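In this text the structure is predicted, and so the values were computed from the model without any measurement. Lettering follows sequence order; numbering is per chain, from 1.
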Amino acid sequence: MVINMTNKYSSIKKNDFKSFATTLRTNMCGELNRDLIGSKVKLCGWVNKRRDHGKLIFLDLRDFTGLVQVVFDAHDNEPAYNIAKEIRTEYVVLIEGTLKARSAETVNKELATGDVEVAADSISILSSSKTPPYALDERDRVDEMTRLKYRYVDLRTEDMQESLRLRHKVTSTTRQYLNSNGFIEVETPILAKSTPEGARDFLVPSRLNPGTFYALPQSPQLYKQILMFSGFDRIYQIARCFRDEDLRADRQPEFTQIDLEMSFVGVDDVLKLIEGLIAKIFAETLGSDLALPFKRLSWKHSMEAYGTDKPDLRFGMEITDLTDIFKNSQFNIFINVLSRKGVIKGLKVDDGSQFTRKELDEFVDTARKYGAGGLIWIKVESGNVLNSPVSKFLTDDEKQQLIDRLELKENNLVLIVADQFLKTCSALGALRNYLGHRLNLIDLDAFDFAWIVDFPMFEFDDREKRLSPMHHPFTSPSPDSLDMLDIEPLNVKSLAYDIVLNGNEIGGGSIRINDIELQRKIFRILGFDDKRIEDNFGFFLRALQYGAPPHGGIALGMDRLVMILGMLESIREVIAFPKTQSAYCIMTESPSVVTEQQLSEVSIKLSPAKKQGEE
RNA sequence: GGAGCUGUCGUCUAGUGGUUUAGGACACGUGCCUGUCACGCACGAGGUCGCGGGUUCGAAUCCCGUCAGCUCCGCCA
């Protein structure tokens, strides 16, 4: 609704309105109140609504500060009235008039300016408008495709104004905070070097160097580190990052990170700084006081208890390990899993026996979707009788141990997954999240932060059949697991950390490697041969040889953070011009084909099948 | 690469094989209206039922394909 634009995130204070006075206007719509009664005002804005009563016309004039009612009376001022008759919704107009008090019966308590109205002396049309595709107050009912096509209209709505002003508040607060902590803002190239590690790069052909390409940065990571080598000590940027991967509600091909790097720091220094930043952002935007410091969970514990490295800590329902209970099981599924060093874990769901067979089948599908072989469910009936399709495969002793371990009571539901560790955890973690929402276990007003620490240095990439870095290849191994690098790299911990809020990863960083030999070693463990190391990272290794301080940093996902602050469902709501799931901009119709000449200037020939955007 | 959901006037939608000439609300146009603020009243205009093919005497409706949007899996160092 655009009735009462509150603009709680607008940085304008009451007495700042004067700075908006221009040659075309004296006041803003939303500032008009009893104190200004009698003054001559010149107002500019959009026509939110026209109400035509014959010889009397009301216009609601809107700017970003709010709405004010303007009255045109045919008897008092016929020329202005005649123009007002032609005015339509979303016309941009300039109105001159006198601010008057409304009579007691006509005061509108729903409107911030409802005590007053403008008696118009004149009106001029600065710009007419076609009938808009939808009325602004219909926004929440209108299909997103339509809103994106007419984004300039959509952005006029109170919701979008508030989102982008909230976003601005976050960036400006961040800049203030980091500036006052000794950081300087340094820009780094958008035309950067392609490094095939990590996400897929967006490529930009170089006209002056035919056949070669820049890549848009996936993050300013190496530039940040090199600036540390250069002695700036602390730098940040509100950095645009580009990753050519498939989209999600919380993933756009270009997105913004609060990206910073510090010299001569350890893990605690970075975490403490960021806790201060987040607390300040929450104080400035929501006015809420966060309890510091945030709790810290090891990656291992997070996976075991919550089945994910970005746990939603607003509710309990932790996963319980049951492997030992079934070590002598005669149940084929368990025997198979255990013989392959798998695990058996369970989730106890209070009041879970209410679920129908159909719903339980859906839980099984969910578990399969997350890679688990299947899901066993057990309903606890009166007298602690366990009702399950697999009941007959469990011994009385195993059943009793289950009851004791999970402290089962009547009406509980137990969901059990048996598979390899990661698959088991993530399947149960997904079910835990689903059930948390489904059973309304989540306090939707809560903000539950945690640091996830003690990440493994590497994970095994099943497709590539090699190790890949859990964070990125510049992350320092933890000093106490350094000696395991050669022997069992999968057990090496890193000095990486993620910050998690309500089940979302909102940032991550690490203490970096500042030793060339260690950096080389990590590249080799990752399976890069010397040529590839030189081609992709030679410049960086060279830089490491000229005096590199210990350093570390972090990047916060700005879009996600603002989305959560604004209680929104998608980062598209906090990005002025977002793209669809197929990375298409409906408003500008981009990407689009280019001319043969443009292509030939950058030495590109399209394969015949791909010309003109055809398949 | 895969799965699911959705697609009907500008917008939101009703319509699940046959008086459907596709209905309603809002918006829009014209007229009337001097206190509305979801203004009111009257009249009116507006639809390639996403697109293509098929089944059928008959398709918005069933089937197949395709496109687009959304959500998710894979992917996102």
Side-chain angles (χ1 to χ4, degrees), chain A residues 1-4 48-60 67-76 81 88-90 102-111 113-114 117 130-150 153 195-201 218-219 221-222 241-253 255 362 365-366 368-371 426-427 430 434 457-459 461-464 467-475 494 496 505 508 510 522-523 526 528 536 555 557 569-570 572 579-582 584 586 615:
Chain A
M1 294 287 283
V2 193
I3 290 280
N4 225 339
N48 199 61
K49 184 80 185 175
R50 184 177 67 114
R51 289 179 295 281
D52 185 341
H53 287 249
K55 295 294 171 199
L56 184 71
I57 293 173
F58 299 100
L59 288 189
D60 290 337
L67 284 185
V68 69
Q69 174 165 281
V70 184
V71 190
F72 296 84
D73 191 318
H75 290 299
D76 295 350
Y81 165 83
R88 294 294 180 270
T89 307
E90 298 307 315
R102 294 202 196 186
S103 67
E105 324 83 73
T106 61
V107 163
N108 183 353
K109 290 201 175 69
E110 302 296 309
L111 199 61
T113 62
E117 63 190 10
K130 293 177 73 168
T131 302
Y134 58 92
L136 265 52
D137 61 6
E138 288 182 313
R139 172 177 200 266
D140 51 357
R141 286 185 279 127
V142 173
D143 187 73
E144 188 175 8
M145 228 195 304
T146 308
R147 299 193 346 235
L148 289 177
K149 181 170 179 184
Y150 302 96
V153 173
T195 55
E197 259 305 291
R200 193 175 294 109
D201 283 326
Q218 297 175 29
S219 90
Q221 183 58 35
L222 292 178
C241 305
F242 306 86
R243 294 179 191 173
D244 189 4
E245 297 291 348
D246 286 359
L247 283 65
R248 290 282 192 284
D250 62 352
R251 277 164 31 191
Q252 284 274 304
F255 60 99
E362 284 167 15
D365 290 340
T366 301
R368 291 218 171 97
K369 197 164 86 172
Y370 284 82
S426 58
Y434 172 78
M457 188 76 183
F458 307 103
E459 59 192 335
D461 185 327
D462 277 329
R463 285 196 324 179
E464 306 267 331
L467 294 177
S468 71
M470 196 103 173
H471 186 55
H472 60 49
F474 317 105
T475 298
S494 74
E505 182 200 325
S510 61
I522 299 296
F523 283 144
L526 293 172
F528 299 1
N536 288 331
E569 296 296 321
S570 151
R572 295 186 298 276
K579 294 185 172 55
T580 68
Q581 197 161 55
S582 50
Y584 184 74
I586 300 178
E615 265 316 297

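Residues passing the salt bridge (charged side-chain N to carboxylate O under 4.0 Å, His left out) test with A/E362, sequence neighbours excluded: none. For A/Q69, the side chain to side chain donor-acceptor pair (under 3.5 Å) partners at least two apart in sequence or on another chain are A/R51, A/E117. Every residue was checked against the side chain to side chain donor-acceptor pair (under 3.5 Å) condition with A/R251, not counting sequence neighbours, and none meets it. Residues forming a side-chain contact (heavy atoms from CB on, under 4.5 Å) with A/K369 (at least two apart in sequence, or on another chain): none. In this structure A/P132 satisfies the side-chain contact (heavy atoms from CB on, under 4.5 Å) test together with A/T89, A/E90, sequence neighbours excluded. Judged as a salt bridge (charged side-chain N to carboxylate O under 4.0 Å, His left out), and not counting sequence neighbours, A/E505 has no contacts. Considering only residues two or more places apart in sequence or on other chains, A/K49 meets the salt bridge (charged side-chain N to carboxylate O under 4.0 Å, His left out) condition with none of them. Evaluation of the salt bridge (charged side-chain N to carboxylate O under 4.0 Å, His left out) rule for A/R139 yields A/D154, A/D159, A/E573 as partners, not counting sequence neighbours.
For the pair A/T195 (side chain) and A/N536 (backbone), a donor-acceptor distance under 3.5 Å is absent.
Looking at A/R102 and A/N108, their side chains come closer than 4.5 Å, going by heavy atoms from C-beta outward. Side-chain atoms of A/E197 and A/P469, non-hydrogen and from C-beta on, do get closer than 4.5 Å to each other.
Minimum interatomic distance between A/T580 and A/L247 (heavy atoms only, all atoms of both residues): O-CD2, 2.9 Å. The minimum heavy-atom distance linking A/S219 with A/C241 is given by the pair CA-SG, 3.8 Å. Pairing each heavy atom of A/R572 with each of A/A249, the nearest pair is NH1-CA, 4.1 Å. Heavy-atom minimum distance, A/D140 versus A/D137: OD1-O, 4.0 Å.
Nearest-nucleotide mapping onto RNA chain B: of A/D76 and A/S468, the residue sitting toward the 5' end is A/D76. Residue A/L148 is the one, among A/L148 and A/E197, whose nearest nucleotide of RNA chain B lies closer to the 5' end (criterion: closest heavy atom).
Of the candidates B/rU36, B/rU30, B/rA27, B/rU30 carries the atom nearest the A/R88 side chain, counting heavy atoms from C-beta on. Closest to the A/S570 side chain, of the nucleotides B/rC70, B/rC39, B/rU71, is B/rU71.
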With the criterion being N/O to N/O and under 3.5 Å, what pairs connect the protein with nucleotides 31-33 of chain B, and how long is each?
unit_1 : atom_1 : unit_2 : atom_2 : d
B/rC33 : N3     : A/D52  : O      : 3.1
B/rC33 : N3     : A/G54  : N      : 3.2
B/rC33 : N4     : A/D52  : O      : 3.4
B/rC33 : N4     : A/D52  : OD1    : 2.9
B/rC33 : N4     : A/G54  : N      : 3.2

Give every pair of a protein N or O atom and an N or O atom of nucleotides 9-12 of chain B that lie under 3.5 Å apart, one pair per line with the distance.
unit_1 : atom_1 : unit_2 : atom_2 : d
B/rG10 : O2'    : A/P133 : O      : 2.8
B/rU11 : O4'    : A/P133 : O      : 3.2
B/rC12 : OP1    : A/D143 : N      : 2.7

Distances under 3.5 Å between nitrogen or oxygen atoms of protein and nucleotides 44-49 of chain B:
none

Using the 3.5 Å cut-off, write out each protein N or O paired with an N or O of nucleotides 72-76 of chain B and the distance between them.
unit_1 : atom_1 : unit_2 : atom_2 : d
B/rC72 : OP2    : A/A249 : N      : 3.3
B/rC72 : O2'    : A/K369 : NZ     : 2.8
B/rC73 : OP1    : A/Y370 : OH     : 3.4
B/rC73 : OP2    : A/R248 : NE     : 2.9
B/rC73 : O2'    : A/K369 : O      : 3.4
B/rG74 : N7     : A/R248 : NH2    : 2.8
B/rG74 : O6     : A/R248 : NH1    : 2.9
B/rG74 : O6     : A/R248 : NH2    : 3.2
B/rG74 : N1     : A/D246 : OD2    : 2.7
B/rG74 : N2     : A/D246 : OD2    : 3.4
B/rC75 : O2'    : A/E245 : OE1    : 2.6
B/rC75 : O2     : A/R251 : NH2    : 3.1
B/rC75 : N3     : A/R251 : NH1    : 3.2
B/rC75 : N3     : A/R251 : NH2    : 2.7
B/rC75 : N4     : A/R248 : NH2    : 3.3
B/rC75 : N4     : A/R251 : NH1    : 3.0
B/rC76 : O2     : A/R251 : NE     : 3.3
B/rC76 : O2     : A/R251 : NH1    : 3.2
B/rC76 : N3     : A/R251 : NH1    : 3.1

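The CG-P distance, from A/L59 to B/rC37, rounds to 15 Å in whole Å. Rounding to whole angstrom units, CZ of residue A/F58 and P of B/rU36 are separated by 7 Å. A/F72 has its CZ atom 15 Å from the C1' atom of B/rC37, to the nearest Å. Rounded to an integer number of Å, the gap from CZ of A/R139 to P of B/rA38 is 21 Å. Between the CZ atom of A/R102 and the C1' atom of B/rU36 there is a distance of 9 Å, given to the nearest Å. Between A/R50 atom CZ and B/rU36 atom C1' there is a gap of 13 Å when expressed in whole angstrom units. Rounded to whole Å, the distance from NZ on A/K109 to C1' on B/rA38 is 18 Å.
Look at the C1' atom in both B/rG23 and B/rC49: the space between them is 13 Å, to the nearest Å. To the nearest whole angstrom, the two C1' atoms, one in B/rG18 and one in B/rC73, are 43 Å apart. Nucleotides B/rC28 and B/rG46 place their C1' atoms 9 Å apart, quoted to the nearest Å. When the C1' atom is used for both B/rC26 and B/rU48, the distance is 24 Å, rounded to whole Å. Rounded to a whole angstrom, the distance from the C1' atom of B/rG15 to that of B/rA38 is 27 Å. Here, B/rG40 and B/rA60 have their C1' atoms 36 Å apart, quoted to the whole Å. A gap of 33 Å separates the P atoms of B/rU11 and B/rU36, to the nearest Å. Separation of the C1' atoms belonging to B/rA22 and B/rG17 is 15 Å when rounded to the nearest angstrom.
Among the atoms of the strands shown, only primed sugar atoms or phosphate atoms (P, OP1, OP2) are found under 4.0 Å from some heavy atom of A/R572.
Base pairing analysis places B/rU30 opposite B/rA42; the two distances defining the Watson-Crick or G-U wobble pair are each below 3.5 Å. Using N1 to N3 plus N6-O4 or O6-N4 for Watson-Crick, or N1-O2 and O6-N3 for G-U wobble, each under 3.5 Å, B/rC51 pairs with B/rG65.
Contact annotation: A/T89 side-chain N/O to B/rC28 OP1/OP2 distance is under 4.0 Å. In terms of phosphate contacts, A/T131 brings no side-chain nitrogen or oxygen within less than 4.0 Å of OP1 or OP2 of B/rC28.
In this structure, A/R141 CZ and A/Y134 OH are separated by 12.0 Å, a value rounded to the nearest 0.5 Å.
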